[in-house]
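One structure is given below, encoded as structure tokens.
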Amino acid sequence: MITGLSHVSIVVPSLDAAAKRLAEVYGLQIGEISVNEQQGVRMAYVDLGNAKIELMEPSREDSPVAKFLVRNPRGGIHHFCVGVDSVDAARTELSGKGAQVLGDGNPQYNVHGERIAFVHPKDFLGALVEFEEHK
Ligand code: CO
């Protein structure tokens, strides 16, 4: 079902400050900044070659990521993301095994237009996992 690691996602209070820090200390450059209105995030990726770092800043006050920052004001790791062949197939398989796939049933998409879904942390060893459909 899982085909590889896509990214590790970090919530930051300021995308611009995070980009500056990564460049100054680690020589890492962020890609294009985009906004995912559905997910309520302003975001950018750092390409590490075999996987990416996803940086997310809330784009609106009721963003789930804004709530994360209330609990973790300096930011922190929010989730990791793995590739899957089919989000729907993964959802069906996991539901059959009693694991909880989050969401209201409506398809969710990342900024690249790929289908995504999240698995509840209780069903992945305490970590929030995103599934990303890679065609
Ligand atoms: Co992600």
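Both counts, for ligands and for their atoms, begin at 1 and track the order of listing. In this text the structure is predicted, and so the values were computed from the model without any measurement.
- Side-chain polar atoms of Q38 and Q108 form no donor-acceptor pair below 3.5 angstrom.
- Looking at E54, its N, O or S atom nearest to the Co ion (ligand 1) turns out to be OE1.
- K135 has no carboxylate O lying under 4.0 Å from a charged side-chain N of D85, or vice versa, which leaves the two without a salt bridge.
- K52 has no carboxylate O lying under 4.0 Å from a charged side-chain N of E54, or vice versa, which leaves the two without a salt bridge.
- Per residue E130, closest N, O or S atom to the Co ion (ligand 1): atom name OE1.
- Contact of the V35 side chain with the V41 side chain is not registered, since no non-hydrogen atoms from C-beta on lie closer than 4.5 Å.
- The angle subtended at the Co ion (ligand 1) by NE2 of H7 and NE2 of H79 is 110°, given to the nearest 10°.
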